[in-house]
**Q** 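Let me begin by handing over the structure; questions about it come next.
Keep in mind it's a predicted model, so treat the numbers as computed, not measured. Letters A, B, ... are given to chains in the order of the sequence lines, protein chains preceding strands, and every chain is numbered from 1.
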Amino acid sequence: MKYEFHKIEKKWQKIWEEEKTYAAVNGGGKPKFYALVEFPYPSGEGLHVGHPRPYTAMDIVARKRRMEGYNVLFPIGFDAFGLPTENYAIKHRLHPRTVTERNIKRFTEQLKTLGYSFDWDRVIDTTDPSYYKWTQWIFLKLFENGLAYKTEMPVNWCTSCKCVLANEEVVDGVCERCGSEVIRKEKSQWMLGITKYAQRLIDDLDGLDFIERVKTQQKNWIGRSTGAEVDFATTAGDTMTVFTTRPDTLFGATYMVMAPEHELVDRWARIITNFGEVEAYRLEAARKSELERTELSKEKTGVELRGVRAVNPVTGAEIPIYISDYVLATYGTGCIMAVPGHDQRDWEFARVFGLPVIEVVKGGDVEKAAYEDCDEGVMVNSGFLNGLPVEEAKRRMTDWLAAKGLGREKVNYKLRDWVFARQRYWGEPIPIVICPRCGYVPLPEEQLPLLLPEVESYEPTDNGESPLAKMRDWVETVCPKCGGKAERETDTMPQWAGSSWYFLRYMDPRNDRALASREALQYWNRVDWYNGGMEHTTLHLLYSRFWHKFLYDIGVVPTPEPYAKRTSHGMILGEDGQKMSKSRGNVINPTDIVNQYGADTMRLYIMFIGDFEKAATWSSEAVKGCKRFLDRVWNLGEKLASDKSGGEEHLKANEASLHRTIKKVGDDIEAMKFNTAIAAMMALVNEFYEKGAGRGDFRTLLTLLSPFAPHIAEELWELMGFGGAGLCCRQPWPAYDESKTVETEKTIAIQVNGKLKGTVTVPADADDETVVAAASGEEKVKNLMEGMELAKAIVVKNKLVNLILKPKKLDNRPDGGL
RNA sequence: GCCGGUGUGGCGGAACAGGCAGACGCAAGGGACUUAAAAUCCCUCGGUGGCGACACCAUACCGGUUCGAUCCCGGUCACCGGCACCA
């Protein structure tokens, strides 16, 4: 009989579905384990070969945990709001709902052919009103707690999507999604106060089992820096407060710079004698897109504000004030003290405008470049700081400023609040009513979900308003507070909203009274192991940690952190080593591979392809190797099945390898070294072919293989008649005996003077004398020892012996020869 | 520029508390079985020299520590990822 994977895979998928083999139960005596993968965006292209890599990996982990006796929750769902669907719907004159349903159906079918052990009873869809009701509910809670607010501010505006973007969505000055130009636009926006959580988002990383690069990337993104705020008096009477990480260099501050947008510029409009010139510069800066602003960063530009000067609080000197776009309005206080001697940007600006450069830290040559080093160098030209090292000077100056009431210690973050509104249709409506008398009024909870209205056209508008704004009978409503005429908020939430809490919904997906019951939240507690892409580190992963902390603070969830462990997989590249894309024509469709070789081969290959954490290049040729391996397993199984003894004997010859393989496969799964786990099983099968195998040996192999290739494992399990009606995936994970993983004899390497000369077989754990004697007895070593004596022997137990030889002293020669 | 990471056969990749470099697989070559092909099975497979048992050179490059270095240390080069005028 041939290995008919099509028939076998369909058969077992049907059985698992009917038996609900992998359904999780909320409660019971077993310990719980929550394994999570990032739920897919159901795009029109269907499943991508990038999906099966993390999904198969976590499926293997989930299956192993079940065999180890855990009650496993391994859910899946769909993150279905979003622009591609909406754009596709517009183009084909369909409703986004229709498109979404069709895509979800297709994704579901494709995922099912891969035999994942998802709990299909818990599937969620973020666009389902019974789901987004709770997304809206969380928004109301954020609003209630002052963490959702609306403000007028410059935002990133994608010219093609006609929609604002979060800072995290702007990459290299262009839209992360469509690659179009992003410009700055002044707009009234809903914001979420993630910056209030900045410190906790850094601190709590310490207790988590996240891979290191995720932690550092999040820390860098949040970008904490400590320094001081310093107040500068001005001749206009207003105080200019700046943030600096180098208060020690205050004596070297020779001028000030403000962001062009800074409000003080407006306030001083009448005092500034060259206001026309200033306005012109401001207009020019505002017109620049993100891209231009970063690209044109070569030469510093700016305009002095004539008529106003600032006073350096330590020197008492009056110094000029400039505006320049190298100072960001959104960081710190929007203005800086410039220390051209010790900040390269200030140095460049000073050179363009011929401003004085004062050296206040000795060690560099401020004529040639700014000297920024903090570790070496002592203070000069700095009054009471002279002679101090930099770190000490920072402390002294901060204390001095605090004592005088001119400054204070300050921590700043690069992280900015989260722009939480999109001017598009296919997203969660924001449940807020704008009342001319009461302001922003939250919708009462009982009115949730606030449904998306049926709209004729989803076309984005050019004036920056959501398509919902055109739905007058939806927009016009009454104020829940005063009952007067009012309007609904017409922006929708960004795609990141639904995915910021989805893992909680899986715990209790059909609950209509809460996002999940208290018991369910308590029971599943938090995700034990979450695997996902590095590209989500500063977006989804950070956002969802923020939401979770908020939910913890208001007593909804029992833990301050949502994920105990986070790992990440590398990308699958096309056969040409390039990122897969339609335009390159190098896209691999996993369903094609399943049809040609079967799901088990697909699963095995995607895990065997290389180091899980690194990018890997797809090879259509190499897939065959995994298929051959399964063929060999199948053929061996058939042969053994014909033995009707029904016994489960083990061959003594396989004992050590078998125990070693159990250990290796188990350890490798935990370390996500799936490629070497598979290699170990391949080696074991090769050994079975050489030495033969007992039915018991094969039984163990099947249990090890079943998380990787579950269909063939079940079929052979049944064919062999193991475990009666019990499925292979219900068997306990095999145990190994450490003492049996060691061989009784070891082949060790012989080195002479550090060079490999051969090998010798000795009993395991043989002592040094035995090893040296055995090595010295080897023919080749004997020859090399001719005329030499053994100076030293280094023995590494069970591994190697190194004999250090040197020429024999001719000690019978008479001294001096006299 | 800053912060991470990675450089190993024709290819994907193993081996890292310093201890036989190249597991496992792909491709390639040879052989067996076939009328033939596919499939399967067996053998070879880092480089150079030699008929040969063998010798020498090889883990991006240069140096160091060590009995011994792909691994540790110093320097150089290349590639990948993240951040990027964050004061």
**Q** Under 6.0 Å from the CD atom of A/Q578, do we count more than 12 heavy atoms belonging to anything else shown?
**A** yes
**Q** Looking only at heavy atoms, what is the nearest atom pair of A/S619 and A/A622, with distance?
**A** OG-N, 3.0 Å
**Q** Heavy atoms under 4.0 Å is the rule here; annotate nucleotides 17-23 of chain B 5' to 3' with B where the base is hit, S where only the sugar-phosphate is, and - elsewhere.
**A** --BBS-B
**Q** Can A/D231 and A/T239 be counted as having a side-chain donor-acceptor contact under 3.5 angstrom?
**A** no
**Q** Does the side chain of A/K755 get closer than 4.0 angstrom to OP1 or OP2 of B/C57 through an N or O atom?
**A** yes
**Q** What is the nucleic acid contact for A/N686, judged by heavy atoms within less than 4.0 Å: base, sugar-phosphate only, or nothing?
**A** sugar-phosphate
**Q** Figure out the NZ/P separation between A/K215 and B/G4, and round it to whole Å.
**A** 16 Å
**Q** May I have the distance from A/D248 (atom CG) to B/A87 (atom P), rounded to whole angstrom?
**A** 14 Å
**Q** Are there more than 12 heavy atoms of other residues, nucleotides or ligands under 6.0 Å from atom CZ of A/R408?
**A** yes
**Q** At 4.0 Å (heavy atoms only), tell me whether A/K797 reaches a base, stays on the sugar-phosphate, or touches nothing.
**A** nothing
**Q** Verify the ring-centre separation between A/Y371 and A/W347: is it less than 6.0 angstrom?
**A** no
**Q** Does one side chain, of A/E638 or A/Y3, offer a donor that lies under 3.5 Å from an acceptor on the other?
**A** no
**Q** Evaluate the criterion side-chain contact (heavy atoms from CB on, under 4.5 Å) for residue pair A/L701 and A/T661; output intermediate values, then yes/no.
**A** CA-CA 9 Å; A/L701 171 73; A/T661 308; over 6 Å; no
**Q** Taking atom P in both B/G49 and B/G4, compute the distance separating them and give it to the nearest angstrom.
**A** 45 Å
**Q** Please pick, from B/C85, B/C56, B/A87, the nucleotide with the shortest atom-to-atom distance to any side-chain atom of A/I336.
**A** B/A87
**Q** Is the glycosidic torsion of B/G9 within 90° of 0, making it syn, or is it anti?
**A** syn
**Q** For B/C26, does either OP1 or OP2 sit under 4.0 Å from a side-chain N or O belonging to A/R628?
**A** yes
**Q** How long is the line joining NZ of A/K414 and P of B/C3, in whole Å?
**A** 12 Å
**Q** Given that both pair distances must be under 3.5 Å and the pair must be Watson-Crick or G-U, what runs of three or more consecutive pairs involve RNA chain B?
**A** B:1-7 with B:77-83, B:10-12 with B:24-26, B:28-32 with B:40-44, B:46-49 with B:54-57, B:60-64 with B:72-76
**Q** Students often get this wrong, so: under 4.0 angstrom with heavy atoms, is A/T244 touching a base, only sugar-phosphate, or nothing?
**A** sugar-phosphate
**Q** Ignoring backbone atoms, test whether A/S619 places a side-chain nitrogen or oxygen under 4.0 Å from the OP1 or OP2 oxygen of B/C11.
**A** no
**Q** Under 4.0 Å from OP1 or OP2 of B/A14: is there any side-chain N or O of A/K664 that close?
**A** no
**Q** Which is more 5' along RNA chain B, the nucleotide nearest A/T216 or the one nearest A/E621? Just name the residue.
**A** A/T216
**Q** Is A/R632 close enough to B/U40 that one of its side-chain N or O atoms is under 4.0 Å from OP1 or OP2 there?
**A** no
**Q** Say you pick atom P in B/C11 and the same atom in B/A28; how far apart are they, in whole Å?
**A** 15 Å
**Q** Just checking, is any N or O donor in the side chain of A/H536 or A/E38 under 3.5 Å from an acceptor N or O on the other one?
**A** yes
**Q** Taking B/A14 as the reference, what is the distance to B/A58 when you measure between their P atoms (whole Å, please)?
**A** 24 Å
**Q** Verify the neighbour count for atom CE of A/M534: are there more than 12 heavy atoms of other residues, nucleotides or ligands below 6.0 Å?
**A** yes
**Q** Counting the atoms with a prime plus P, OP1 and OP2 as sugar-phosphate, which does A/D611 contact under 4.0 Å by heavy atoms, base, sugar-phosphate, or nothing?
**A** sugar-phosphate
**Q** Quick check on RNA chain B: between A/K673 and A/G332, whose nearest nucleotide comes earlier from the 5' end?
**A** A/K673
**Q** Rounding to an integer number of Å, can you tell me how far A/M534 CE sits from B/C3 P?
**A** 18 Å
**Q** Can you tell me, in whole Å, how much space there is between the P of B/C72 and that of B/U59?
**A** 15 Å
**Q** Looking only at atom C1', what distance separates B/G52 and B/C16, rounded to whole Å?
**A** 37 Å
**Q** Please state the C1' separation for the pair B/G9 and B/G63 - nearest whole angstrom.
**A** 26 Å
**Q** Quick one: A/L573 CG to B/G81 C1', roughly how many Å, whole number?
**A** 12 Å
**Q** Please report, rounded to the nearest Å, how far the C1' atom of B/C26 is from the CD1 atom of A/I609.
**A** 12 Å
**Q** Can you confirm whether more than 12 heavy atoms, excluding those of A/K219, are under 6.0 Å from its NZ atom?
**A** yes
**Q** Please confirm whether A/K300 makes a cation-pi placement over A/F349, using NZ or CZ under 6.0 Å from the six-membered ring centre and within 45° of the ring normal.
**A** no
**Q** What distance, rounded to whole Å, do you find between the two P atoms, one in B/C26 and one in B/A36?
**A** 26 Å
**Q** Can you tell me how far P of B/C83 sits from CD1 of A/I222, to the nearest Å?
**A** 14 Å
**Q** Could you please spell out the steps behind the side-chain contact (heavy atoms from CB on, under 4.5 Å) verdict for A/E738 and A/K663?
**A** CA-CA 8 Å; A/E738 186 73 53; A/K663 180 178 157 71; 3.8 Å; yes
**Q** Using the P atom as the point on both nucleotides, what is the distance between B/A23 and B/U44, in whole Å?
**A** 12 Å
**Q** So if I take every side-chain heavy atom of A/Y326 and compare against B/C85, B/C41, B/C83, which nucleotide ends up nearest?
**A** B/C85
**Q** Just to be sure I understand the rule, does A/A615 reach a base, reach only the sugar-phosphate, or reach nothing, if contact means heavy atoms closer than 4.0 Å?
**A** sugar-phosphate
**Q** Rounding to a whole Å, what distance do you find between A/I211:CD1 and B/G4:C1'?
**A** 12 Å
**Q** Which of these nucleotides, B/A84, B/A14, B/A27, is closest to any side-chain atom of A/W221?
**A** B/A84
